[in-house]
Amino acid sequence: MNKMLKSKVIYTVFSLLLVFTACSDWTETESLDLVEADIEKDNPELYAQYLSNLRAYRNIDHKMTYVWFDNIKDMPNSRGQRINAIPDSVDVVNLTNPEELSSWVISDMKSVRENKGMKFVFTISYPDLEKEYEQYLLQNGETGDETVDGFLAYAEEFVNKKLSIIDKYNYDGISVLFYGMKTTHLTEAAKKAYLARENAFMSKVSGWVSQNSNKLFIFEGYPQNLTDKSILKEAKFIVIRTESLKYASGLSYEVLLSIEDGVPTDRFVITVSTKSLDPTDLKTGYYYNTENELVSCIPLAAEWIVTYESKFTKAGLGILNVQNDYYNSGNSYQNIRNAISTMNPSPKK
């Protein structure tokens, strides 16, 4: 897409987005679809133009916005619990409760995907696998041949079960979380056992990735610790989990730690969290600024994304617990909307 057309698409999307945002900042529970329906009814041609430009926006070069959404199973009692209330310019949504989806979640996913071009994924987590297997051993003990690591068969079953829900709920892809470790300090026996476990997990993932090139694949964690880094070439993003940092100044260091031979440097996403809904929690979702004051980490992370870096590409921003930002003291999802505008500013006329 040429530069002039790209500028036109971004300008049109964000200009129209301001109109719709002004009309739809509400938190009442009485009619969850009323505002969007009114917009479509009052000016269907303008709304259709907006949606068309929004879908085109997905295909141009821009800083990606990747969010984690805590989808509930019960019928929502607030618009903040609805997927269709997530800001339109969010690119990818990770559902944190990906199984046994409610009918309203499935309906929202379908509508948002078809009309707005948003994609939906879920995480297959190696740390979760390890915890689940430990719990299994506590409940059942070691069984069978003690010379065989039961984790290997358990890992295959775990990954297969997760992969089975992709088609069941029509997900657009998966995100795989793996931290791992370096093996230089391990004995040969311990190294062999560790690598067998890593391979049991990652080989199933790699097999799926190679057979599903039309699906979205995201890697999260420590890419430098992967034994076989070739799978990273297939990843749309490499997500470095930085949500525990307290200073934006540490973001570059965390990314640089992950760079070594075999790790692509053109697709890094860093993560932050929204503020907790618990008013006593002054840790989650905050950075210390240059005056050592606690401030929302999202604006500072978005500013970091657009600063130049010579050693790697800042591909976008990941935001955990995105639904919390719906309930801020300003407009709904104000921090998210501002971050998207910071990373992808509308061209000036």
Side-chain angles (χ1 to χ4, degrees), residues 14 17-18 21-22 24-27 62-70 78-81 85-94 96 179 220-222 237-259 268-346 348:
F14 284 98
L17 186 59
L18 289 174
T21 300
S24 60
D25 287 331
W26 59 288
T27 56
H62 66 282
K63 301 298 184 182
M64 306 296 286
T65 307
Y66 173 40
V67 303
W68 284 256
F69 183 83
D70 184 13
S78 163
R79 185 157 171 78
Q81 297 171 334
I86 295 173
D88 292 348
S89 294
V90 165
D91 294 286
V92 182
V93 179
N94 186 316
T96 59
Y179 292 113
E220 298 177 42
Y222 297 156
F237 316 123
I238 296 175
V239 180
I240 308 301
R241 296 293 294 264
T242 56
E243 66 268 19
S244 63
L245 292 181
K246 292 305 171 187
Y247 296 89
S249 58
L251 291 169
S252 293
Y253 176 74
E254 291 296 319
V255 177
L256 289 170
L257 280 178
S258 72
I259 298 177
F268 284 115
V269 170
I270 54 94
T271 60
V272 293
S273 176
T274 58
K275 295 178 184 178
S276 170
L277 296 181
D278 176 2
T280 66
D281 181 358
L282 298 180
K283 295 182 178 180
T284 305
Y286 288 93
Y287 281 156
Y288 286 99
N289 64 13
T290 53
E291 284 74 42
N292 214 35
E293 301 167 327
L294 281 174
V295 296
S296 172
C297 60
I298 295 175
L300 295 183
E303 291 172 6
W304 177 86
I305 291 291
V306 297
T307 58
Y308 175 71
E309 171 58 56
S310 62
K311 296 181 179 180
F312 59 87
T313 300
K314 301 173 181 179
L317 179 62
I319 305 171
L320 284 77
N321 298 308
V322 69
Q323 70 285 342
N324 290 355
D325 194 47
Y326 181 86
Y327 303 100
N328 65 49
S329 57
N331 292 327
S332 63
Y333 285 119
Q334 190 62 56
N335 286 310
I336 310 300
R337 299 182 199 278
N338 289 346
I340 294 172
S341 295
T342 297
M343 294 189 295
N344 300 287
S346 300
K348 296 181 179 178

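Below, all heavy atoms of this structure are taken into account, side chains as well, without hydrogens, waters or symmetry copies. The model shown is predicted, which means the values in this text are computed figures rather than measured ones.
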Who passes side chain to side chain donor-acceptor pair (under 3.5 Å) against S249, sequence neighbours left out?
none
For D325, side chain to side chain donor-acceptor pair (under 3.5 Å) partners two or more places apart
N328, N335
All side chain to side chain contact (heavy atoms under 4.5 Å, CB included) counterparts of F312, not counting sequence neighbours:
S252, V255, L256, I259, T265, F268, W304, E309, K314
In sequence, state the C-alpha distance, the side-chain angles, and the governing distance for Y286 and C297, and then conclude on side-chain contact (heavy atoms from CB on, under 4.5 Å).
CA-CA 5 Å; Y286 288 93; C297 60; 5.8 Å; no
By side chain to side chain donor-acceptor pair (under 3.5 Å), which residues pair with T290, not counting sequence neighbours?
none
Partners of E254 by salt bridge (Lys or Arg N to Asp or Glu O under 4.0 Å), sequence neighbours excluded?
none
I want to check something: taking the side chain as every heavy atom from C-beta on, are L317 and M343 in contact at a cut-off of under 4.5 Å?
yes
Does E243 have any side chain to side chain donor-acceptor pair (under 3.5 Å) partners at least two apart in sequence or in another chain, and if so, which?
R241, T271
Does atom NZ of K246 have more than 12 heavy-atom neighbours from other groups under 6.0 Å away?
yes
For V269, which residues count as a side chain to side chain contact (heavy atoms under 4.5 Å, CB included) partner, sequence neighbours excluded?
F237, V239, A315
By side chain to side chain contact (heavy atoms under 4.5 Å, CB included) - contacts of S244 (at least two apart)
none
By ring-ring contact (aromatic ring centres under 6.0 Å, His included), which residues pair with F69, not counting sequence neighbours?
none
Using the side chain to side chain contact (heavy atoms under 4.5 Å, CB included) criterion, which residues pair with Y222? Sequence neighbours excluded.
Y179, Q224, N225
List in chain and number order the residues that pass ring-ring contact (aromatic ring centres under 6.0 Å, His included) with Y253, two or more places apart in sequence or in another chain; answer none if no residue qualifies.
none
